[in-house]
Amino acid sequence: MATMRLDRFFSSQEILSRKEVKEAVRKKEITVNGQIANKIEMQIDPQTAQVCYKGQAVLYEPFIYLMMNKPQGVVCATEDKIHKTVLDLVPKELFRSDLFPAGRLDKDTVGFVLLTNDGDFAHRILSPKSHVSKRYEVRIDGRITAQEEELLRQGITLADGYVCKPCTLTLIDDCENPVYEIILIEGKYHQIKRMFGSVGRGVLFLKRTHIGGVELDKNLPECRCRKMMHKEIDQILCK
Ligand code: URA
């Protein structure tokens with residue numbers, strides 16, 4: 001692992017700003033491998049150095065992975081002049097300045113958004129080659145025929161001529177405004193809305209419930225996020 005400056009070590013973990021590290025060094029509050037740190041420029045190996053601040057060990061976590069239950073009205077972006085973004089919902093203790101959403105949901109779509117600062121991991125989730133599935137619940141504004149369901153399953157052609165990949169489509173609530181579970185292995189712009197639009201139906205409600213092999217935590221209220229467990233991070237890439 002490459003070494004990094006002491007002040008960068010603290011600021012990358014959002015523990016202390018560079019200015020605060022300077023102050024802490026001046027007050028002899030930081031030790032590295034048992035020795036008092038005397039320069040903010042000192043190089044340390046973040047993976048192996050034993051860093052303590054005010055006597056407490058500081059664990060180095062290069063990457064963070066958050067599961068968020070996105071509400072309606074919030075955009076999947078790192079900044080927006082008009083709307084609240086998913087980053088605005090991340091509490092201070094989980095916030096990192098390099099966080100971003102790995103994949104987008106529309107402003108009116110709710111459910112599972114993964115936020116991370118691990119670019120390689122995000123790329124693997126989003127790359128069509130990885131085939132990481134995304135599962136949604138979708139309520140539409142009227143019934144469709146069995147034939148139309150089959151067209152959607154086999155890969156419907158959108159208005160712009162794009163032929164969708166086959167998907168899994170299961171009716172889970174058969175009523176006037178039916179609810180389907182749909183599993184996609186691709187993520188085109190407004191894909192589900194455009195797929196149902198191709199059979200003359202509008203989407204009334206859309207929620208992402210799974211990414212890969214991980215289900216959105218049913219105990220996670222809307223607008224909240226939590227760190228993902230190691231097991232979950234591995235399971236994301238399964239399917
Ligand atoms: N498909 C859509 O149409 N919107 C989303 O937010 C996700 C998938």
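Numbering of ligands and ligand atoms starts at 1, following listing order. Residue numbers start at 1 and run along the sequence shown.
- One N or O on the side chain of N33 and one on the backbone of Q50 form a donor-acceptor pair closer than 3.5 Å.
- Of the protein's heavy atoms, I192 N, 3.1 Å lies nearest to atom 1 (N) of ligand 1.
- Considering backbone and side-chain N/O of L105, none are found under 3.5 Å from N/O of ligand 1.
- Residue-level proximity to ligand 1 for L206 is carried by the side chain, the only part with a heavy atom below 4.0 angstrom.
- Of the candidates K107, H190, K134, it is H190 that places a heavy atom closest to atom 3 (O) of ligand 1.
- Here L204 sits alone; no ILVMFWY side chain lies under 4.5 Å from its own, so it joins no hydrophobic cluster.
- Using a cut-off of 4.0 Å between Lys/Arg side-chain N and Asp/Glu carboxylate O, D7 and R5 are scored as salt-bridged.
- In this structure, CD in Q72 is found 6.0 Å from CG in D108, a value given to the nearest 0.5 Å.
- The shortest heavy-atom distance from Y189 to ligand 1 is not under 4.0 Å.
- Under the 30°/60° scheme for interplanar angles, the aromatic rings of F9 and Y60 are found to lie parallel.
- For ligand 1, the atoms lying closer than 4.0 Å to a non-hydrogen atom of T109 are 4 (N), 5 (C), 6 (O).
- Closest protein heavy atom to atom 4 (N) of ligand 1: D106 OD2, 2.7 Å.
- Atom OH of Y189 has 12 or fewer neighbouring heavy atoms from other residues, nucleotides or ligands inside a 6.0 Å radius.
- At a 3.5 angstrom cut-off on N or O pairs, Y136 does not count as close to ligand 1.
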